[in-house]
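Structure first, then comments.
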Amino acid sequence: MSRLNPDDSSQTSPASLVILNGRLWTGDKSHPWAEALGARGERIVALGSIDSVKKLIDSKTRVIDLQGRLGLPGFIDSHTHFIEAGFHLLSVDLRSAATPEEFACRVGLHAAKLSAGRWITGGDWDHERWPGSMLPTKELIDHLTVDRPVFLSRLDGHMGLANSAALRLAGITKETADPPGGTIVRDPKSNEPTGILKDDAQALVLRVIPERNGVERAEALKAALSEAARVGVTSIQDITPWQDYDAYRRCSDERRLTVRVYARTPMSQWERQADQVASEGAGDDWLRLGGLKAFMDGSLGSTTALFFEPFNDAPNTSGLMIDDNIPEGKLKQNIRGADKAGLQCSVHAIGDRANNIALDYFEEVAKENGSRDRRFRIEHAQHLISDDVLRFGELGVIASMQPYHAADDGRWAERRLGAARAKSSYMFRSLLDSGATLAFGSDWYVAPLSPILGIHAAVTRQTIDGKNPGGWIPEEKITVEEAVGAYTTSAAYAEFGEKNKGSLEVGKLADLVVLSQDIFRIDPDKIQTTEVIHTIVGGRVVSGD
Ligand SMILES: [Zn+2]
């Protein structure tokens with residue numbers, strides 16, 4: 001069996017890259033497996049048996065023998081904060097700090113390496129790892145950072161810890177009122193801010209942090225690109241501030257991108273993207289505009305995700321609506337306008353009520369604007385009432401989800417939600433069964449970028465504390481093939497990219513990964529020990545030799 005380009009010349013002229021002796025899962029339902037692949041330049045020109053593809057080898061062809069290894073279409077991450085993640089790679093790593101003392105110690109060591117006055121940001125701390133899950137306070141780090149302002153994010157980005165210097169610069173005192181959509185956490189006795197700022201209250205500090213310049217953004221992008229190559233990510237659907245878009249653009253113009261970027265800029269400024277697409281077009285295979293992203297609510301970890309019922313462990317609140325939808329209904333107007341302009345709309349919704357409102361807005365706008373291929377998306381779709389699971393399928397709304405978050409939140413979500421409501425968490429199986437398109441991603445920097453970790457989490461639903469070996473809510477497990485599909489074919493669909501990528505087919509981009517073990521055949525518990533041997537983007541090997 002061989003499938004060659006019908007264009008005759010390509011059957012005789014040599015390939016620039018040939019991959020032999022592989023077990024290639026193509027993602028193409030009509031020809032699911034192949035042994036060999038040939039690419040010329042950026043595109044696949046042959047796929048099929050070793051003998052058929054070998055004919056395309058000449059002295060200049062790069063030949064890689066996979067020795068029977070598994071190859072997949074390159075992983076497409078449906079939700080990244082890519083350049084921000086690059087900044088986090090270059091900053092202090094607090095993600096694995098297991099105690100408040102370790103947290104403080106790492107901040108102190110990092111501060112000692114930087115010149116006085118320079119801000120420390122990032123961190124990705126997680127108090128849910130600490131004994132007692134107490135939130136950190138400014139006192140923990142003040143004595144280590146007297147010479148500089150500090151603002152350290154929780155790993156979900158929905159709260160941060162400011163030191164006293166940062167609070168001073170931001171003008172936050174015990175008299176400062178909570179801004180809409182945000183909370184300044186205070187000491188219950190003195191009313192003094194503890195340093196923790198939740199959701200939109202973070203903006204009070206963020207606006208006094210000096211804007212990063214183009215050189216710094218380029219450095220962060222470079223760091224992020226090498227991490228992507230290491231873990232097999234060949235395309236991202238990014239949440240992209242306009243300054244980041246400029247950094248991508250420069251990198252793309254210099255032909256240094258090794259990841260394809262689908263940029264989703266803030267929904268509140270949708271006209272800006274509409275104008276740019278109208279005047280210059282959406283972009284090319286490396287950098288493309290077309291999506292917008294808005295927030296409906298906060299996060300579960302910060303008790304700011306918007307639910308119908310109050311939290312079990314914080315009964316005075318059921319979460320927050322975020323400023324994108326304040327006053328309520330503002331977001332719907334933006335969706336209506338952006339959709340009319342032909343742009344794809346993505347809404348961040350975590351709590352069940354946030355998802356319910358987002359689905360309502362999508363349903364109403366689709367009716368008002370008339371039928372078209374719009375592919376609305378909900379980012380996270382983390383907790384759903386059962387009627388809404390069905391609506392994803394009925395309305396054709398893409399569920400853009402991050403399985404690693406399930407492995408992470410599964411450690412403590414039941415405490416926050418109660419046992420019955422916790423069952424509504426990360427309903428991968430139910431969503432697929434409802435006919436919904438499931439597109440997977442990481443939410444990097446919030447979670448690790450590695451799609452292997454995501455596949456492991458979706459298939460086993462084990463939690464990262466090892467306490468759920470049979471899976472947290474095991475009825476929502478999906479198969480390896482379904483999880484791989486959510487990182488490849490379905491993810492390509494989620495960015496209107498399915499004609500170009502997401503599967504290995506003649507004529508499509510030669511983006512693929514080669515893995516150290518066959519995740520379709522090994523014990524699912526071992527999936528997370530899999531390594532990426534080669535990452536190939538546009539026929540070029542960007543990682544592995
Ligand atoms: Zn995100």
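As the structure lists them, so they are numbered: ligands from 1, and atoms in each ligand from 1. These numbers were taken from a predicted model, which means no experiment stands behind them. Position 1 is the first residue of the sequence, and the numbers go up from there. Values below: every heavy atom of this structure, side chains too, minus hydrogens, waters and symmetry copies.
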### Message
Holding to ring-ring contact (aromatic ring centres under 6.0 Å, His included), I want the full list of residues that pass it with Phe87, two or more places apart in sequence or in another chain.
### Response
none
### Query
Do Arg461 and Tyr426 meet the cation-pi criteria used here (NZ or CZ under 6.0 Å from the six-membered ring centre, within 45° of the axis)?
no
## Note on the structure
For Glu394, the side chain to side chain donor-acceptor pair (under 3.5 Å) test, sequence neighbours excluded, returns none
### Message
List the residues meeting side chain to side chain donor-acceptor pair (under 3.5 Å) with Gln243, not counting sequence neighbours, and say none if there are none.
### Response
Glu211
### Summary
Protein-side N, O or S atoms sitting under 2.8 Å from the Zn ion (ligand 1) are His79 NE2, His81 NE2, Asp443 OD1
### Task
Hey, can you tell me if His380 and His79 have their rings parallel, tilted or perpendicular (30° and 60° cut-offs)?
tilted
### Message
Surrounding NZ of Lys222 (heavy atoms of other residues, nucleotides or ligands, distance under 6.0 Å), is the total greater than 12?
### Response
no
